[in-house]
Amino acid sequence: MTLQGTRSRRALFAGSVGNFIEWYEFGVYGSFATIIAARFFTPEGGGAVEGLVKTYVSFALAFFFRPVGAALFGRVGDRIGRRPVLILVIGLMTVSTALIGTLPTYAEIGAFAPWLLTALRVLQGLSAGGEFGGAVSVMTEFAPAGRRGLYGSWQSFTVALGLLGGAGAAALLASVLSPAQLESWGWRLPFLSALPLGLGALWLRLRLDETPAFRRAEAVVRPPARAVARAIVLGAGRVMGWAAAGYTFLVVLPSYLQSSLHASFRQALVATVLANVGFAATIVPAGWLSDRVGRRPVMLTGALSVVALAVPLLNLLQDESTSTVVKGVAVCAAGAVVGLMAGPGPAMLAEMFPTSVRCTGLGLAYALSNAVFSGCAGLIITETIKRTGSVDIPAYYAAATCAVSALALLTLRKPGDEPRS
């Protein structure tokens, strides 16, 4: 194996493992949303739906700090280097996630409990905002020629693994602990496990080299701010369907199935695991395919598939006469079509920005899209169902955002082009 090949694989692994930890936590938070709502956001006499809405408000707030983190850490990444950013964000993410597992609840310290939880979620949002831009820049800038889509897809693949790991950890605990044990202390264990995982990721990132592209671009003149801003807005539009449908099917699903379709906690977690399996299965093949046929056709197929299939798939879950096997296939298919957008997405964003602003540009495009369309997904869906009584809201939300995303993807005239510098 050549030195360049070793560096490429090391960069791929170092970028992936940190991303896994970030999304593992988000998967855990989504899976335990109903328990967190009861322990932190529901005072004695409060309603369960009200507590769940407040939980998602905290969830959304963390997402709105992602653009702040993307701008802050992205500037560091474009001026000082990708490596320092990856080291900083993994440390911040690890500490804030582990601390969630130690927090006292509402019953113990009153209204101070949700504020502490929200503060830690804000820190997670800042670190997550810097993680994407830094990790994708490292992965794609170390990628061999003609394999940027494949290398970038590993960012999305570790999102799937993280969400799957979070849901799987929740499902495992739900199967071995009693409901009382799970609600009392069992929910804390997955958050605390971020500490050893984070230390391992930090060790890998300390051994990482700076990217050759960054070293070559140090003397390059930066593009006009207006051009960068335009690319950020367009990039956010291109990935909004991925952001919205991904969180609808992969993170919001457990609490939706429990609160709207009256599924048990274990049934909801199994459905989430199946959705994430489908998501994970298509990501890397979609990234590989985009290196050969272009980013646009692969991502458009995913977006248009969500538009066409979101309502029928949700209706299958709602129909009590539908067999368990068919419902399992339905949630797995829902995740799979999102994977068609997530696989080529990181490389597509990286190719929209020159090296001198890539970390900031792609990080902000992704963070803004996720802040609006992922972070607010649970809040929008839960509150709209509460007001309208319609259980089809998740499907309408995913389909509408993917329709807009498809229009933005049509502007990709030469998908897969090499970056400009």
Plane angle bin for Phe157 and Trp154 - parallel if under 30°, tilted between 30 and 60°, otherwise perpendicular: perpendicular
Stepwise side-chain contact (heavy atoms from CB on, under 4.5 Å) check, Phe249 with Val331: CA-CA 8 Å; Phe249 296 147; Val331 295; over 6 Å; no
Heavy-atom closest contact (Phe214 atom, Asp78 atom, distance): CE1-O, 3.3 Å
Face-on cation placement of Arg205 at Trp203 ring, 6.0 Å and 45° thresholds: no
Distance-minimising heavy-atom pair for Phe353 and Ala231: CE2-CB, 3.5 Å
Check ion pair Arg148-Glu141 (N to O, under 4.0 angstrom): no
Interatomic spacing from CG in Leu309 to CG in Leu304 - rounded to 0.5 Å: 10.5 Å
Non-hydrogen side-chain atoms of Leu126 and Val68 separated by less than 4.5 Å: yes
Check: Thr97/Tyr24 side-chain N/O donor and acceptor closer than 3.5 Å: no
Residue pair Val17, Thr158: steps toward the side-chain contact (heavy atoms from CB on, under 4.5 Å) verdict: CA-CA 7 Å; Val17 70; Thr158 50; over 6 Å; no
Side chain to side chain, Met348 and Val239, heavy atoms closer than 4.5 Å: yes
Validation row: Ile380, Ile393 side chains within 4.5 angstrom (heavy atoms): no
Separation of Ser137 OG from Gln155 CD (nearest 0.5 Å): 11.0 Å
Close side-chain approach of Ile36 and Leu117, heavy atoms under 4.5 Å: yes
Ring pair (Phe, Tyr, Trp, His ring centres under 6.0 Å) between Phe132 and Tyr366, worked out: CA-CA 8 Å; Phe132 184 85; Tyr366 182 78; 3.6 Å; yes
Evaluation steps, side-chain contact (heavy atoms from CB on, under 4.5 Å), between Leu173 and Leu189: CA-CA 9 Å; Leu173 288 171; Leu189 299 179; 4.0 Å; yes
The single option from Thr360, Val85, Val89 passing side-chain contact (heavy atoms from CB on, under 4.5 Å) against Val76: Val85
Nearest heavy atoms of Ser175 and Leu172, plus distance in Å: OG-O, 2.7 Å
Minimal non-hydrogen separation, Leu208 against Ala14, with atom names: CD1-CB, 4.2 Å
Sub-4.5 Å side-chain heavy-atom contact between Leu340 and Ile283: no
Non-hydrogen side-chain atoms of Thr140 and Tyr151 separated by less than 4.5 Å: no
Side chain proximity check, Leu12 to Phe142, heavy atoms < 4.5 angstrom: no
Reported CG-to-CZ distance for the pair Leu368 and Phe373, which is rounded to 0.5 angstrom: 10.0 Å
Close aromatic pair by centroid cut-off 6.0 Å: Trp242 and Phe279: no
Verdict with supporting geometry, Arg121 and Glu25, salt bridge (Lys or Arg N to Asp or Glu O under 4.0 Å): CA-CA 10 Å; Arg121 295 290 301 163; Glu25 188 281 332; 2.9 Å; yes
Side chains of Met240 and Val372 in contact at under 4.5 Å (non-hydrogen atoms): no
Whether over 12 other heavy atoms sit under 6.0 Å from Trp115 CH2: no
Spacing of CG belonging to Leu364 relative to CD1 belonging to Ile232, to within rounding of 0.5 Å: 4.5 Å
Verdict with reasoning, Leu199 to Thr94, per side-chain contact (heavy atoms from CB on, under 4.5 Å): CA-CA 8 Å; Leu199 290 175; Thr94 299; 5.5 Å; no
Arg188 atom CZ, neighbour heavy-atom count above 12 within 6.0 Å: yes
Test: Glu210 and Arg215 ion pair at under 4.0 Å: no
Pair Arg66 + Glu131, salt bridge at N-O below 4.0 Å: no
